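Only a predicted model underlies this, so the values are computations on that prediction, with no experimental measurement involved. Just so we're on the same page: letters track the sequence lines, and every chain starts at 1.
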Number of protein chains: 2
Amino acid sequence: MFGLMQDRPLLISSMIEHAATFHPTTEVVSKTVEGAIHRTNYSEIRDRSKQLAKALKKLGIEAGDCVGTLAWNSFRHFELYYGVSGSGSVLHTVNPRLYPEQINYIINHAEDKVLFFDNNFAPLVEQLAPALKSVTAFIAMSDREHMPDINVPNLLCYEELVSAETPDYQWPEFDERTASSLCYTSGTTGNPKGVLYSHRSTVLHSLMQVAPDGFDFSSKSTLLLVVPMFHANAWGVPYSAPMVGAKMVLPGPHVDGENIYKLMRDEGVTFSMAVPTIWLMLFQYLDANADADLSKLPLHAVGVGGAAPPVAMVERFRKSGVDMVQGWGMTETSPIGTINKPLPKHADMSDDERSKLKTKAGRGVWGVELKIVNDEGNRQPWDGVTSGHLYVRGPWICSGYYKGEGGDPLDAEGFFHTGDIATIDPDGYMQLVDRSKDVIKSGGEWISSIELENAAASHPKVAEAAVIGIPHPKWTERPMLIVVLRDNVEMEKEELLSFLEQHVAKWWLPEEVMFVDELPHTATGKLLKTKLREEFGALKPAKIS
Amino acid sequence: MFGLMQDRPLLISSMIEHAATFHPTTEVVSKTVEGAIHRTNYSEIRDRSKQLAKALKKLGIEAGDCVGTLAWNSFRHFELYYGVSGSGSVLHTVNPRLYPEQINYIINHAEDKVLFFDNNFAPLVEQLAPALKSVTAFIAMSDREHMPDINVPNLLCYEELVSAETPDYQWPEFDERTASSLCYTSGTTGNPKGVLYSHRSTVLHSLMQVAPDGFDFSSKSTLLLVVPMFHANAWGVPYSAPMVGAKMVLPGPHVDGENIYKLMRDEGVTFSMAVPTIWLMLFQYLDANADADLSKLPLHAVGVGGAAPPVAMVERFRKSGVDMVQGWGMTETSPIGTINKPLPKHADMSDDERSKLKTKAGRGVWGVELKIVNDEGNRQPWDGVTSGHLYVRGPWICSGYYKGEGGDPLDAEGFFHTGDIATIDPDGYMQLVDRSKDVIKSGGEWISSIELENAAASHPKVAEAAVIGIPHPKWTERPMLIVVLRDNVEMEKEELLSFLEQHVAKWWLPEEVMFVDELPHTATGKLLKTKLREEFGALKPAKIS
């Protein structure tokens, strides 16, 4: 027997409609590519999204078609979020930081029908255009005055498209499972794989995100969205902010410390979210400018994700009266899987203890089930010590990749294999230990490559460190440490090993240490351990030492 | 094209599972019918709900069967919320305050298979039992020691049923649109009608409710749930609290001022929700007990609904540092339709202005669309002045009543007709003006019977006032005021009319005033205007005056 409740689909268009209806004059502030401050509001964004939806139809875009973007965080990108998805097409946000050949692959794989781009990507678009077979129009996110002078077929002007239409458009209603947006995740091996979000998953993710134990968004929030809108939907904030009528501040490409600080100060930002690197840039700016002081701003919390923040970062924010909230997730998890908020029992903790707790990835939010399992697939205890492969399940976790790439990523219970190794403590706080493919399996026990790398990197002479597993006849695998020293210093292997002995268990000590001039990285800055393994992994320890 | 997200149904069982997983030791405190304080936690509640689910199966309860309750707010009622709905059956919470013949009708209409009841309803159950044809077992929510001595067929003991089972039970997975619970709403005419909630509507309602601009629930909340669990699912809090791991305090039948205050004080309550009458009882207790002081408690907000609170109530709470949050809704809206939270622009308001704003019903939350229309069905402006019939639409608004009673309550756009007259201001704050059937249509304009009643009731000699429309040859309808005077006072019609002239527009002045000894009410205390209309409505003004 079904309940007798209205059968209303959960659609992305409902979020901008809610904002325009109940928060029409709430501002959306952008720092444009050109550097000017642009101000609009939810009523105008809704109207222009509708005009855009009509313009897309005229360009031949139909339901289910992919629309590509190469763009920073701005009101126009925000309008695309609603105009494209709201009308039933699929917003494909492309990461401009990838290598051109990867961008090429991604756009062709998604079969984007048109490509919207910010002007400072014009040279890149001109370079890419000849290979983009599916793209029938290139739309500069600009007015006529600032149109780039590039040679691409069917170059159009965003403002002309929008202003040619009126906002008398009714958002279509359709099945909430309809695809809404597409984001490719680039691993360290193989081609990028597409994660295809749905309207349903996006709405549910937003409802979870605004909760007090989520990011705590309300109509009183002013959100500085530093995390890019081409990166896992900017953590979902372009959806959750209008859902609650929060003011939005979009920094465009201006994500250096000075611009971040000044936007926080001038716009009364209460919450901002970014990866740790951005916050380090902010601290550098604060260090160099005595009159810049976070504690004098209305900022009361920052979100951090993408990498675990160091305790020192938590502490520094805390001393300015800013709470650091860590979240963990992946493109495949929409992206939020866990959020680190303290429990009432933590009220009596010392500041040091609480800061340390805050470096954990957090508890599963409602809607995300977690489990850690051993190599045989058996659930491991939540004791904060035992580690296992992390699996997640929930209505905003992906079930597979676009066009079936990568096969079925779910286990028999329907849990997604994250590829991470984690511990979970008795309160449900998850902590990442390593990537599954990077953990070193030594004599049936697991050694975290990340923890070893962090320990090595804490030596004052070490600039960067990588740890890979190398085959071992007795222990199956043993860790090998590959180190880049800081400029103009020297160190012997023995000095580093005796330093490490003070920081890790003896049986974790690397079987071998190599000194190199530089380490290989991916386009997005991750250590490229596959390359290290190609180079060093086949060597037997006996040969090296 | 569908997104590639996990197809996980939104089920009520997920909420207690989340609480038991991430907040296992968070307390659920009950003041039992017998008056003792009982403490349990989410882990135990989950386990016992599962044991209950197994016991229900043994009693022959199948998916879709209705399970009735006549019970106060307690851990056992809470376990029934999960044990019944979680296992796929339908929890039918019966309002024990209705007349026995209405309860009789409701249980027979729902075809409840078994009836759970609190011991203090034992005499009522014994009286009802012979007429309850579908009920195969009567289960006292008690241990063996406290079993009531009544003569009903198949009298069972709750604690024996639960303790006979082990918690090794897997919640079933099924379509999220499956019926989860049933609640009858009693109007002033006709038989009560059943609102049949679904798992989907309940989960979505909970996600909305916990948001900062909703009731702002988190793991740091301690919630005193005064609103009864037989009244529109206690505003949904038994679902939303475990969703975020909030501590719950359940007062049983002990909802007098002293018990409310002491539970707030002893359990560290941060938020509580009730109808205005309860808060008046709390104020009376505070007035009589100088050592009782809300401002010394952790209580920071109270929710109020069911009737608009007077400004004085908002003010009194404010002066104790307690924010009053009004919500509006109906059994048919799960129940939350609007919540009154201030916007950033209201920060500069005076306390008086803000208190007045807080007496409005509030803005539509995300998920609820509002419209006001005139008699012809045309949308009316949101100017805070123009009133219209209030319609609502959303995934937790009912689409019809159980077994088709009352026909189709939706309009062509799928909006539910609330039966209320309301204004909506430019910020989306809705304010109830009257019930559609009570508003007086005088010369094409509408006169609010409620506003006239409130104006009359503000005269110091008036104990209670009712306004109905009476036919008028020229104006179609004109208002008639029916008044009960306070004990030992006298008043002429002219004195009251000249008093009213200072409070309402001249054309609103009642055509006739009648003094009576008492006014008729429904079982739940509402004015029974149908009876007044029967008695007075047919009279022509010319005859009366």
TODO: Classify the side-chain pair Trp366(B)/Ser14(A) by whether it contains a donor and acceptor separated by less than 3.5 Å.
DONE: yes
- [ ] Count the heavy-atom pairs under 4.5 Å between each of Ala211(B), Ser219(B), Ser201(B) and chain A, then report the option with the highest count.
- [x] Ser219(B)
Task: Proximal component of Asp427(B), with respect to chain A [non-hydrogen, under 4.5 Å] - done: backbone
Task: Partner set under ring pair (Phe, Tyr, Trp, His ring centres under 6.0 Å) for Phe215(A), not counting sequence neighbours - done: Phe217(A), Phe271(A)
Open item on the list: Would you say CD of Glu413(A) has more than 12 non-hydrogen atoms from neighbouring residues, nucleotides or ligands within 6.0 angstrom?
Closed with: yes
Open item on the list: If I measure from the heavy atoms of chain A, does Ser181(B) come under 4.5 Å with its side chain, its backbone, both, or neither?
Closed with: neither
Task: Heavy-atom pair count under 4.5 Å with chain A, highest-scoring of Gly428(B), Ser180(B), Ser218(B) - done: Ser218(B)
TODO: Check whether Arg200(B) gets within reach of chain A through its side chain, its backbone, both or neither, counting any heavy atom under 4.5 Å.
DONE: side chain
- [ ] Please confirm whether Arg8(B) makes a cation-pi placement over Phe415(A), using NZ or CZ under 6.0 Å from the six-membered ring centre and within 45° of the ring normal.
- [x] no
Open item on the list: If only side-chain N and O atoms count, and only distance matters, is there a donor-acceptor pair under 3.5 Å linking Tyr184(A) with His109(A)?
Closed with: yes
Task: Part of Val203(B) within contact of chain A (heavy atom distance under 4.5 Å) - done: side chain
Task: Per-residue contact mode, Leu10(B) against chain A (heavy atom under 4.5 angstrom) - done: both
Task: Option in Gly367(B), Ser198(B), Ser399(B) with maximal non-hydrogen atom pairs under 4.5 Å from chain A - done: Ser399(B)
Task: Engaged part of His199(B) at the chain A interface, taking heavy atoms whose separation is under 4.5 Å - done: neither
Task: Heavy-atom side-chain contact between Thr418(A) and Met330(A) under 4.5 Å - done: yes
TODO: Taking the six-membered ring for Trp and the single ring otherwise, decide whether the centroids of His346(B) and Tyr429(B) are under 6.0 Å apart.
DONE: yes
TODO: Count the heavy-atom pairs under 4.5 Å between each of Trp382(B), Phe174(B), Phe416(B) and chain A, then report the option with the highest count.
DONE: Trp382(B)
Open item on the list: Strictly less than 4.5 Å between heavy atoms, which residues of residues 400-409 of chain A line up against chain B? Please order them by number.
Closed with: Gly400(A), Tyr401(A), Tyr402(A)
Task: Residues forming a ring pair (Phe, Tyr, Trp, His ring centres under 6.0 Å) with His300(A), sequence neighbours excluded - done: none
Task: Residue part contacting chain A, namely of Leu410(B), when any heavy atom lies under 4.5 Å - done: side chain
- [ ] Go through the structure and list residues passing ring pair (Phe, Tyr, Trp, His ring centres under 6.0 Å) with Tyr391(B), not counting sequence neighbours.
- [x] His417(B)
TODO: Pick whichever of Gly64(B), Gly394(B), Ser334(B) has the most heavy-atom pairs under 4.5 Å with chain A.
DONE: Gly394(B)
Task: Greatest number of heavy atom pairs closer than 4.5 Å to chain A - which of Val195(B), Val90(B), Thr26(B), Leu204(B) - done: Leu204(B)
Task: Flag side-chain contact, heavy atom, 4.5 Å: Gln6(A) against Arg393(B) - done: yes
TODO: Please flag which part of Glu369(B) lies under 4.5 Å from any non-hydrogen atom of chain A: side chain, backbone, both or neither.
DONE: side chain
